[in-house]
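Letters A, B, ... are given to chains in the order of the sequence lines, protein chains preceding strands, and every chain is numbered from 1.
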Amino acid sequence: MTSTKSNCAELSGANIIRSQAALWRRALLGLLLSSMSCLAQTQAAPREPLNMQLHGFANQGYIKTDENQFFGNSEEGSWEFTDIGVGASSKLTNSLQVSAQVLYRRAGKTSPDGIKVDYALADWSLINNADFGLGVRAGRIKNPFGFHNETRDIASSRPSILLPESIYVDALRELFHTVDGLGFYAYKSWGNTLLTFDTAFGDPTISRSTQDVILTVTAPGTLTNEQLNASRLMLEDHAGRWRIAYSHAEAEADYQPAEIDFGVDGVAAIELDVVSLEYNWSNWQLSGEHQRRDVTYKGIFLDGFDYTISSDAYYIQTSYRINQRWQWLLRYDRLYMDKTDKAGENFSVASDAYAKDWTTGLRFQPNSQWLISAELHQIKGTAWLPRIENPVASEQSNDWLLFTAQVSWRF
Amino acid sequence: MNRWFTIAMLITLVLTPQERPQAQAVHHIISNSNLGLTHLPLNKARSIFSMRLHKWPDGSPIRVYVLPDDNATHRQFVQSVLHMFPHQLRRNWDRYIYTGTGQAPIEVDSEEEMIKKVSTTPGAIGYTQKELVSNDIHKIQLR
């Protein structure tokens with residue numbers, strides 16, 4: 001136990017010494033995490049072996065478009081669409097679980113290639129009764145948001161290969177996916193209905209490519225002091241026939257100009273509100289989500305600049321389970337970047353103002369480990385087309401097709 | 001709609017066979033006799049098999065045993081006893097597993113193994129359609 005204790009002390013120490021931005025939050029988090037795990041190790045030591053579980057998955061996709069680039073050189077056919085995740089969880093006590101997962105992800109230029117810690121957290125369940133429960137989480141936490149945000153990388157839990165891009169826009173995946181911070185959750189059951197509440201707040205991750213998407217330009221300065229909170233209230237039937245949810249998320253960061261920069265100090269903020277509905281009947285599922293997104297820029301480009309753009313998005317989708325192995329999907333997904341300018345009259349490229357995506361797909365699941373799926377998107381507009389992969393506006397096409405197929409394996 | 005899109009949609013609709021109806025058997029929930037459990041409300045059973053509830057009222061851990069997703073007994077149990085679809089249970093488990101906020105149930109390969117594990121593991125719960133011959137297992141009535 002001596003070595004465990006000294007490791008714990010080092011762990012807390014290392015976290016406290018971290019310098020600069022969001023110092024206190026990280027330090028508190030580190031202390032909490034390490035003290036929780038130390039406490040748990042001390043308690044768990046003499047008892048039964050830890051309930052360790054390992055899990056993992058690998059998805060390889062192929063994308064072909066007739067026009068426009070999506071996840072690599074898709075006009076020629078792209079294989080740059082890979083996710084590989086490996087994780088472990090352990091119940092240190094009956095109430096305390098620690099878990100972590102690393103993820104390798106490749107999605108053309110839309111996300112930096114490489115391995116990163118997808119989540120690493122301690123989950124402390126304070127109350128866990130049949131009718132009521134609550135708990136806290138600390139670490140790198142997935143943000144509760146809409147039906148799909150937390151499980152967006154898991155092929156088998158998605159209805160389609162690409163989630164509705166209007167709401168789960170891949171270019172902003174990194175920003176909204178996780179926070180390094182704290183979370184809280186609770187549930188309450190009444191009769192046949194279950195109410196759950198989840199919230200998380202802390203520091204999101206903003207790499208250079210995400211910063212470009214937020215600012216819509218490649219700026220020499222840096223977004224710092226970033227913070228994000230996300231919450232979701234969900235009401236569902238115990239039998240899983242229906243669920244309805246409201247989610248709200250807010251992200252904010254300060255713009256710090258570079259030494260040579262036309263820009264000035266400022267703040268960029270994104271606020272999201274999503275309403276989600278799902279109904280299951282026999283082998284049919286009907287679902288839809290509606291999102292309002294406000295992006296606000298203060299300063300940054302010009303002293304005294306203050307501008308908010310409100311976008312409006314929804315999708316409606318139906319899927320049919322033909323049998324336990326085959327499933328068919330049809331979806332309409334629509335986004336207006338500026339709901340006051342649906343045709344894009346004030347956009348430099350009009351088609352950047354909207355995207356209307358009809359999708360149909362088929363999934364084949366021979367067993368719980370393998371999944372093979374394919375889908376075709378017919379798209380009008382380029383609102384969610386990654387700029388970084390389509391830098392020349394005149395080469396973009398307003399009317400395009402996207403075909404994608406994916407093989408997924410997990411254990 | 002675009003011609004290719006319509007063709008793709010039609011192909012996907014026509015391609016695959018329909019599910020055959022399956023014979024009904026009597027399934028019941030079983031638990032380790034150390035729990036002294038004879039009855040469970042349906043929604044509590046759903047919470048347990050969904051992995052949301054992970055502690056018995058005395059604070060001891062619930063150990064949930066299941067057969068593989070595509071096992072016929074599993075599918076029939078989930079549909080006829082829990083009145084849920086197997087993919088709904090799987091979705092709940094996936095959310096816990098892949099967000100690090102919970103754990104998966106313990107998968108066994110056969111009903112024989114299920115009965116063996118449930119009878120020898122304190123706090124264990126599972127299901128079977130076999131008639132029981134062990135004193136270490138209680139059959140649970142749903143309310």
Would you confirm whether A:Asn128, through its side chain, and B:His54, through its main-chain N or O, come within 3.5 Å as a donor-acceptor pair? yes
So what's closer than 4.5 Å to chain B heavy atoms on A:Phe403: side chain, backbone, both or neither? neither
Could you tell me which portion of A:Gln101 (side chain, backbone, both or neither) has an atom closer than 4.5 angstrom to a non-hydrogen atom of chain B? side chain
Minimum heavy-atom distance A:Ala239-B:Met84, with the two atoms named: O-CG, 3.7 Å
When only pairs under 4.5 Å are counted, which of B:Lys55, B:Arg95, B:Lys44, B:His83 shares the most heavy-atom pairs with chain A? B:Lys55
Go through the atoms of B:Ser60 and report whether side chain, backbone, both or neither lie under 4.5 Å from a heavy atom of chain A. backbone
Heavy atoms under 4.5 Å from chain A: which residues of residues 96-109 of chain B carry them? B:Ile97, B:Tyr98, B:Thr99, B:Gly100, B:Thr101, B:Gly102, B:Gln103, B:Ala104
Is it the backbone or the side chain of A:Ile141 that comes under 4.5 Å from a heavy atom of chain B, or both, or neither? neither
Within a strict 4.5 Å, meaning less than it, do heavy atoms of the B:His87 and A:Arg321 side chains meet? yes
Among B:Leu53, B:Ile48, B:Asp70, which has the most heavy-atom pairs under 4.5 Å with chain A? B:Leu53
Is any side-chain N of the basic residue among A:Arg410 and B:Asp94 closer than 4.0 Å to the acidic one's carboxylate O? yes
Heavy-atom distance under 4.5 Å to chain B: side chain of A:Ile154, backbone, both or neither? side chain
Taking the side chain as everything from C-beta on, heavy atoms only, tell me whether A:His238 gets closer than 4.5 Å to B:Ser47. yes
Which atoms of A:Asp153 are under 4.5 Å from chain B, going by heavy atoms: the side chain, the backbone, both sets, or neither? neither
Check step by step if side-chain hydrogen bond (donor to acceptor under 3.5 Å, both in side chains) holds for B:Asp69 and A:Asn367. CA-CA 7 Å; B:Asp69 284 13; A:Asn367 53 48; over 6 Å; no
Looking only at heavy atoms, which of residues 144-152 of chain A get nearer than 4.5 Å to chain B? A:Glu150, A:Thr151
Tell me, side chain or backbone of A:Gln285 under 4.5 Å from chain B's heavy atoms, or both, or neither? side chain
Other residues, nucleotides and ligands only: do more than 12 of their heavy atoms fall within 6.0 Å of NZ on A:Lys380? no
If you round to the nearest 0.5 Å, how far is CH2 of B:Trp93 from OG of A:Ser157? 14.5 Å
Report which part of A:Ser189 has an atom under 4.5 Å of a heavy atom belonging to chain B: side chain, backbone, both, or neither. neither
Side chain, backbone, both or neither of B:Arg91 within contact of chain A (heavy atoms, under 4.5 Å): side chain
Per-residue contact mode, A:Arg243 against chain B (heavy atom under 4.5 angstrom): side chain
Contacting moiety of A:His55, where chain B heavy atoms sit under 4.5 Å: side chain
Please indicate whether B:Lys117 has more than 12 foreign heavy atoms, meaning atoms of other residues, nucleotides or ligands, lying under 6.0 Å from its NZ. no
Which region of A:Tyr185, side chain (C-beta onward) or backbone (N, CA, C, O), has a non-hydrogen atom less than 4.5 Å from a non-hydrogen atom of chain B, or is it both or neither? neither
What are the two closest heavy atoms between B:Gln88 and A:Gly240, and how far apart are they? NE2-O, 2.5 Å
Does this structure show an ion pair linking A:Glu236 with B:Arg52, if we count only N-O contacts that are shorter than 4.0 Å? no
If you round to the nearest 0.5 Å, how far is OG of A:Ser368 from CG of B:Asn71? 10.5 Å
Let me know if A:Thr193 has heavy atoms under 4.5 Å from chain B in its side chain, its backbone, both or neither. neither
